[in-house]
Amino acid sequence: MLYRTPPGSEVTRRAVVAGTGVLAVSATLAACSNDGNSAPPASAPREPAAAPGLDAPPAAQSLASTTAIPVGGGAVFPSQQVVVTQPVAGTFKAFSAICTHSGCMVNKVAGGTINCPCHGSKYDIKDGSVVNGPAPDPLEERKITVSGDAIQLS
């Protein structure tokens, strides 16, 4: 006896290929999934266990001596991407050394401003506000601590 399929119900080659692809993707996903009961692969990085609520504060980085920052001026620390200023004697401020215009690093402090060499932006040494554009925003303030004559980036 010969079996015939009703007209319009033939399986096309395209349908077989598409079905095989879906089946292959499903099998791959099932093989790669983790049901939560197995250990992570040996190559997966493992996070160190920390006691709840005992996060250690980040270590402070020593930047400079207070004598290295001139009154009315400042210094740029490229490796820490920070600029430290002393607008008035004994008052130290710190700001990001990344210009808010196009991401260049500021390169000097002179004439009461923090200066970017890329497009001429200048920021006030007292508060990081824009004195001369094209920078759209002030420099982000950074936290420092002064202990004795040591300035540290927190």
Side-chain angles (χ1 to χ4, degrees), residues 14-15 17-154:
R14 181 175 290 159
V17 171
T20 303
V22 169
L23 182 62
V25 169
S26 298
T28 302
L29 289 174
C32 292
S33 71
N34 183 351
D35 63 4
N37 295 326
S38 60
S43 63
R46 296 176 191 255
E47 295 292 321
L54 296 179
D55 293 337
Q61 283 186 302
S62 183
L63 287 176
S65 168
T66 56
T67 58
I69 311 299
V71 176
V76 179
F77 300 91
S79 61
Q80 291 88 358
Q81 296 184 345
V82 67
V83 57
V84 177
T85 65
Q86 187 176 189
V88 295
T91 300
F92 296 90
K93 299 283 190 166
F95 306 97
S96 167
I98 304 302
C99 179
T100 61
H101 173 241
S102 63
C104 295
M105 187 165 311
V106 298
N107 68 343
K108 67 181 176 180
V109 181
T113 60
I114 302 164
N115 306 319
C116 180
C118 294
H119 302 105
S121 291
K122 294 183 180 201
Y123 304 89
D124 192 291
I125 65 170
K126 293 182 288 261
D127 59 10
S129 62
V130 177
V131 173
N132 185 55
D137 299 306
L139 292 175
E140 180 181 328
E141 191 165 354
R142 302 287 299 272
K143 185 165 174 42
I144 56 170
T145 56
V146 178
S147 179
D149 70 344
I151 300 172
Q152 293 186 322
L153 179 62
S154 303

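Just so you know, residue 1 is the first one in the sequence shown, and it goes up from there.
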For this session: Could you tell me the separation between the CD1 atom of Ile114 and the NZ atom of Lys122, rounded to the nearest 0.5 Å?
Result: 12.0 Å
Exercise. Would you say the SG of Cys104 sits under 2.5 Å from the SG of Cys116?
Worked result: no
Problem set entry | Asn132 and Thr113: CA distance, side-chain angles, deciding distance, side-chain contact (heavy atoms from CB on, under 4.5 Å) verdict | CA-CA 9 Å; Asn132 185 55; Thr113 60; over 6 Å; no
Exercise. With Lys126, which residues qualify under salt bridge (charged side-chain N to carboxylate O under 4.0 Å, His left out), at least two apart?
Worked result: Asp124
Problem set entry | Distance (rounded to the nearest 0.5 Å) between Glu141 CD and Phe95 CZ | 5.5 Å
Can you give each donor-acceptor pair under 3.5 Å made by side-chain atoms of residues 73-92, sequence neighbours left out, with the distance rounded to 0.1 Å?
from, atom 1, to, atom 2, distance (Å)
Thr85, OG1, Ile125, O, 2.8
Gln86, OE1, Gly90, N, 2.9
Gln86, NE2, Ile69, O, 2.5

Exercise. CG of Asp137 to SG of Cys99: how many Å apart, nearest 0.5 Å?
Worked result: 10.0 Å
Problem set entry | All side-chain contact (heavy atoms from CB on, under 4.5 Å) counterparts of Pro134, not counting sequence neighbours | His101, His119, Ser121
For this session: Would you name the heavy atoms of Tyr123 and Ala135 that are closest together and state the gap between them?
Result: OH-CB, 3.1 Å
Exercise. Is it the case that Ser147 and Thr145 place a side-chain donor and acceptor less than 3.5 Å from each other?
Worked result: no
